[in-house]
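Have a look at the structure below before the remarks.
Just so we're on the same page: letters track the sequence lines, and every chain starts at 1.
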2 protein chains.
Amino acid sequence: MAITVNQIAEKCGVSRTTVLRALNDRGSVGKETRERILAVAKEYNYRPNLLARSLNHGRTMSLGVVTINIENMYFVQSLNIINKEADKRGYFTNIVVCDESLDWEKKLIQGLADRQMEGILISPINKGKEFEEFLLSLHIPIVCIGNQVSDAITTVQVNEMTAAMESVDLIVSKGYERVVFICPPLAVKEKENIYVHEQRLLGFRTSVAKYPELESAVIGNTDYLPDVKCVIKEGREKRTAFLCSGDSYALNVMRWGQQNGMSIPKDYGLMGFDNINILEFISPKLTTVSTNLEGVAVTAVSELLAQIDSEEYSPKAIYLNYKILDRETL
Amino acid sequence: MAITVNQIAEKCGVSRTTVLRALNDRGSVGKETRERILAVAKEYNYRPNLLARSLNHGRTMSLGVVTINIENMYFVQSLNIINKEADKRGYFTNIVVCDESLDWEKKLIQGLADRQMEGILISPINKGKEFEEFLLSLHIPIVCIGNQVSDAITTVQVNEMTAAMESVDLIVSKGYERVVFICPPLAVKEKENIYVHEQRLLGFRTSVAKYPELESAVIGNTDYLPDVKCVIKEGREKRTAFLCSGDSYALNVMRWGQQNGMSIPKDYGLMGFDNINILEFISPKLTTVSTNLEGVAVTAVSELLAQIDSEEYSPKAIYLNYKILDRETL
DNA sequence: TTGTAAGCGTTATCAT
DNA sequence: ATGATAACGCTTACAA
């Protein structure tokens, strides 16, 4: 349907080289010829076929981004930032969504590679040696966001471990005697990449060890509300706080509490992770950790482009700052 | 970096035609030759360059989707469905995000067209004759979701107008004597495509006219909370309900009410539109209109593919069913 | 000022 | 069973 350089050339009775020269303002073209060419190009709304151009140049100037379902909405929020940042450097951003299936993720990554994306950004749910080899076999620059796959692939993240440690410190400083870490992803630990959550758990464990009197527990079920109920029932005398490895879990706990006539932070403390943007609609305001989406996104893009541009690139693990948001639920 | 058919051919000392035959299991190849070829292909992890293949075939088997910022999160929710549906029919889905700028939207659409997407799905924020001509000049199948651009371009939507009418009916049936339509997008009506909201407004106006005793008003400011405050103050004697052209506006009103010690539906009624998925975290449960995301997404894809496949296609306006969700705020 | 020719990686047709 | 050739649309070097 679209007109090509060859067709313009034919219509104008010149060679396609001449047409190109007129179109791209390169080299010299007879004034009258140029005008004729430009007129035809305009009339038929000529646009260069980027597939052909890319094939020729060996460059697509496109990045691929694999993103997940809105469950982990915090990643969706980065898309705009990634897009803008890539555009600044002249790259087009192609996003694909992966509905939380391990196979789909691989399939989509392969699809992006087959379409000659020059680099891929991903917050992977796959993990392990096999996946690592799969990624490396693509021979394409890749940057992971949050979830690490291996040392051989650059990962950009905030320091989740120290964030969890500081969170526990905050909880203790507020006088809580018992702290429970809620981390449903632990249930799929064997299969899926939950690196981010594991780092948080590690921080939790490490920090808790510093406080001998502090009672602590970890809930790692998908169906965590019953456990929360138990915890609250069995120890009314101790002031208890829940540290949730994700705001949405905290919101579920909050809703459950409200339905059962409990109030926060009077009856129990609550803290989340991620600072997802729907929090603004929720009250009380959830105390949480802001994971610096913007910084992570910008860094990830710039690191990816660095990798694309340089011959010799060494993979890195990059940690950015987070921010504890001490609001109303502790 | 990636190996090509030509390189395999050279390595194996055969022509690329033979390599192709072995790789694609088409035609006959000597057993020993085939094995040699397959071995090399595997060793170097051969993958066909889809740019080249598409150029040759004249088909990319890819769809483009232009989506907006998470503000209008309900569209983000469709992405998965679109993706799955397209995949079923053998298409790859490329998503680009547009941070609510009119120019970016055009730029991105053009980018998708230049990359030879076979069809484009979009819920446009641009409008008007010039934009229509821009879209038509692309000579690519396009389907709009929600916001209509013109008769010449297929639009898939729910019948927002009758949904708004029914909403008013519901409000009246609950005994409200005054109903206020909150529609901030009206503030950008001149510049942006807010077709969906205009349809809702139209339904509101039409339905209100049926009830002579019903008092009604429309708030069309971006900064609507002050107006809400006024409305509530000036008419305490009349039972008032707010119908919001979008759940997020309703949530803001709800939050404001909670901060001012008012309770729903005792002090005022509240109803939204869209049934965005964060509602599950909010209490009281917002009464709203479910806009059948899944149906719209599936229909849009299938209509787009129909358009791609058929020589003669007539643009349509397709209306799907919605559902009034009568919950706790009226 | 203009044109020819080769190439990007794949595929399809026709020949050997 | 294998190969040569042209084509997709664009670009670049090298003539004329």
Using whole Å, report how far [atom1] of [X] lies from [atom2] of [N].
X       : N       : atom1 : atom2 : answer
D114(A) : dG9(C)  : CG    : P     : 15 Å
K11(B)  : dG9(C)  : NZ    : P     : 14 Å
R26(B)  : dT11(C) : CZ    : P     : 8 Å
E10(B)  : dG7(C)  : CD    : C1'   : 15 Å
R21(B)  : dT13(C) : CZ    : C1'   : 11 Å
I8(A)   : dT11(D) : CD1   : P     : 12 Å
R53(A)  : dC8(D)  : CZ    : P     : 19 Å
L50(B)  : dT11(C) : CG    : P     : 9 Å

Basic-acidic side-chain contact under 4.0 Å: [X], [Y]:
X      : Y       : result
D25(B) : R34(B)  : yes
R59(A) : E118(A) : yes
D87(A) : K107(B) : yes

Phosphate oxygens OP1/OP2 of dT12(D): is one of them under 4.0 Å from a side-chain N or O of H57(A)?
->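 Answer yes for this pair, as a side-chain N or O of H57(A) is under 4.0 Å from OP1 or OP2.
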Would you indicate, yes or no, if dT10(C) has its OP1 or OP2 atom less than 4.0 angstrom from a side-chain nitrogen or oxygen of S54(B)?
->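 False: S54(B) side-chain N/O out of range (4.0 Å or more) of dT10(C) OP1/OP2.
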Closest-nucleotide ordering on DNA chain C, the 5'-leading residue of T18(A) and L20(B) |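 Per heavy-atom nearest nucleotide, the more 5' residue is T18(A).
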Of N6(B) and T17(B), whose closest DNA chain C nucleotide lies nearer the 5' terminus?
-> N6(B)
First of V5(A) and V14(B) reached from the 5' end of DNA chain D, by closest nucleotide |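 First, find each residue's nearest nucleotide; the 5'-ward one identifies V14(B).
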Could you say whether N49(A) or T33(B) is positioned toward the 5' end of DNA chain D, judged by the nucleotide with the nearest heavy atom to each?
->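 With N49(A) and T33(B) compared, the 5'-side residue is T33(B).
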With sugar-phosphate meaning primed atoms plus P, OP1 and OP2, does G30(A) contact a base, only sugar-phosphate, or nothing at under 4.0 Å between heavy atoms?
->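 If one applies the 4.0 Å heavy-atom cut-off, G30(A) turns out to touch the sugar-phosphate alone, with no base involved.
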Describe the nucleic acid contact of N56(A) in one word from base, sugar-phosphate, nothing, applying a heavy-atom distance below 4.0 Å.
->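 Touches a base.
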Checking only heavy atoms, does the side chain of R47(B) share a donor-acceptor pair with the base of dG9(C) at less than 3.5 Å?
->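 Check fails, no donor-acceptor contact within cut-off.
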Ignoring hydrogens and angles, are the base of dT11(C) and the side chain of R16(B) linked by a donor-acceptor pair under 3.5 Å?
-> yes
Taking only the side-chain heavy atoms of N24(A) (C-beta and beyond), determine which of dT11(D), dC8(D), dT2(D) contains the nearest atom.
->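 Nearest nucleotide to the side chain: dT11(D).
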Quick one: is the NZ or CZ of K106(A) closer than 6.0 Å to the six-membered ring centre of F134(A), and within 45° of its axis?
->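 So K106(A) does make the cation-pi contact.
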Which pair of heavy atoms, one from D151(A) and one from P315(A), lies closest together, and at what distance?
->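 What the structure gives for the nearest pair is O-CB, 3.4 Å.
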